[in-house]
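Inspection log for the structure reproduced underneath, given as structure tokens.
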Amino acid sequence: MKFRRTVKTVIFAITAILFLASCGSASKSYTAYSPDQIAKAIITAQDGISALRPLMPEDDYFEEYLRNIYRFESDAVDSITAGAIRYAEGMAADEIAVFLLSDNASVKYVKDTLTEYKQQREYAFTGYAPEQAAILANGSVVNNGNYVALLICREPQIAEAVFTACFSDSPPVINEEKIISPPPVEKTPPLPEPTQRPASDPLHDAEEPPQNDIIVENIFDSDAVLKAWRSGDNTGLSEKSARVLEACLEITGAIIDENMNDFEKETAVNDWIVDWVDYDQEVHSNSPDASPDPDNDNPYGAIINKKAVCSGYSSTFQLLMDMLEIECITVKGSYTATGEEHAWNMVRIDGEWYCTDVTWNDPVGGRGTVAEKHRFLNVTSRYMRETKHLWDEASTPVAGE
């Protein structure tokens with residue numbers, strides 16, 4: 001496979017070099033292909049590219065994508081005379097966009113803005129989806145005259161060569177069979193009421209918690225769950241809180257043995273969360289139909305809906321550590337490359353503090369190996385700094401230093 005890809009790269013590179021040499025120092029900036037045909041030619045030459053949703057100027061979301069996703073200023077948006085965007089949904093990085101700009105447009109501004117978009121998306125994926133972040137890191141933004149292309153794919157050198165070849169007298173062949181779009185978006189039906197639990201879900205098979213005459217708003221409350229855990233009295237819990245309490249009883253009964261030490265218990269909880277929960281990829285989707293789980297920031301989303309973001313992972317870990325009486329705190333900080341908020345935990349075992357980032361132990365697209373699950377299990381504060389975590393160190397214990 002690597003040999004075949006290398007041959008493809010060489011062939012396209014030679015084609016591009018010969019073409020440029022035949023044109024002298026000035027590159028030909030005319031093509032019979034439309035921006036979408038250029039994008040399709042690039043996709044045709046890629047192996048293993050994700051299904052890409054097409055977005056054309058006539059689509060309502062096209063201009064919104066330019067303004068809110070790429071963050072083009074109005075002058076740049078107005079300068080696009082033709083264009084095509086084909087983007088992957090969820091946390092897949094692949095994206096091909098080609099634009100033809102008017103003669104008075106700033107090609108440099110458009111290239112710089114697309115480069116900034118690519119870099120920020122790379123940073124957002126780092127830790128959560130490292131393989132996709134690498135695709136973004138290797139992507140490129142190129143132009144030929146007033147044509148500008150964003151090339152985020154697994155074989156960017158081939159993509160650049162194909163883009164260049166589209167301006168030759170013999171443009172690349174487009175294979176429509178390789179142009180795969182995601183299935184149409186289906187409206188998600190409303191979630192069933194708590195009493196309508198899937199029979200196949202082992203966490204949901206127990207009887208309903210007892211009801212009382214007090215009407216409790218159906219929100220999740222970790223403090224209430226922990227109080228009920230310790231007292232054995234679950235009356236007054238909301239439906240969501242009662243379901244999480246019920247699930248935690250089953251989880252700890254299944255993964256915790258009384259002979260375990262605190263480190264073994266912590267590891268078992270980390271591994272269970274990583275195996276059970278999926279990172280809610282919808283939060284990073286560029287699709288207008290993205291639908292993040294409304295409870296992805298708390299244990300109800302993680303344990304019951306199996307969807308979470310960093311605050312959902314860390315609060316679930318915190319709750320289970322509290323139930324197991326292992327000293328634990330939640331650290332609310334950020335990822336320094338973007339300034340984006342991030343949360344993780346610190347545990348105190350045998351008198352020593354350690355950092356654990358369960359979210360980054362569960363990368364999207366990971367293989368679920370022990371090494372992956374434990375990348376950020378009981379690491380030092382220095383390691384967290386080196387991996388671009390930022391937090392208020394003055395008010396936080398130091399781990400391993």
Do [X] and [Y] sit within salt-bridge range, that is, some charged N less than 4.0 Å from a carboxylate O?
X	Y	answer
R67	E73	no
E239	R243	no
E176	K40	yes
D275	K373	yes
K108	D112	yes

- Message: Pair F317, T330 - check side-chain contact (heavy atoms from CB on, under 4.5 Å), show working.
- Response: CA-CA 9 Å; F317 183 85; T330 298; over 6 Å; no

- Query: So which heavy atom on R53 is nearest to which on P182, and how close?
  - Reply: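 Looking at all heavy atoms of both residues, the shortest contact is NH2-CB, 3.3 Å.
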
- Message: Give me the atom names and distance for the closest heavy-atom approach of H389 to F376.
- Response: CE1-CE2, 3.8 Å

- Measure from NZ or CZ of K240 to the centre of the six-membered ring of Y300, then state whether that distance is under 6.0 Å and the direction lies within 45° of the axis.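 Cation-pi check for K240 and Y300: passes.
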
- Query: Distance under 6.0 Å and angle within 45° of the ring axis: does K332 meet both against W391?
  - Reply: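 The answer is no; the distance or angle limit is not met.
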
Between [X] and [Y], is the gap from one ring center to the other below 6.0 Å?
X	Y	value
Y147	F163	no
H342	Y313	no
W360	Y279	no

- Task: Would you mind telling me which of N138, D94, D47 makes a side chain to side chain donor-acceptor pair (under 3.5 Å) with R154?
- Result: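 Output: one option passes, namely D94.
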
- Task: Check each of D271, T356, N361 against H374 using the side chain to side chain donor-acceptor pair (under 3.5 Å) test, and report the only one that passes.
- Result: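 Between H374 and the candidates, side chain to side chain donor-acceptor pair (under 3.5 Å) is satisfied uniquely by D271.
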
- Evaluate the side-chain contact (heavy atoms from CB on, under 4.5 Å) criterion for residues R86 and D36: first the C-alpha distance (whole Å), next the side-chain angles of each, then the deciding distance (0.1 Å), finally the verdict. CA-CA 9 Å; R86 289 184 173 264; D36 193 42; 3.0 Å; yes

- Pairwise ring pair (Phe, Tyr, Trp, His ring centres under 6.0 Å) hits with a residue in residues 251-271, at least two apart: none

- Query: Which pairs, with at least one residue in residues 68-88 and sequence neighbours excluded, count as a ring pair (Phe, Tyr, Trp, His ring centres under 6.0 Å)?
  - Reply: Y65-Y70, Y65-Y87, Y70-F72, Y70-Y117

- Message: Within the structure provided, determine whether V173 and T44 are in side-chain contact (heavy-atom separation under 4.5 Å).
- Response: no

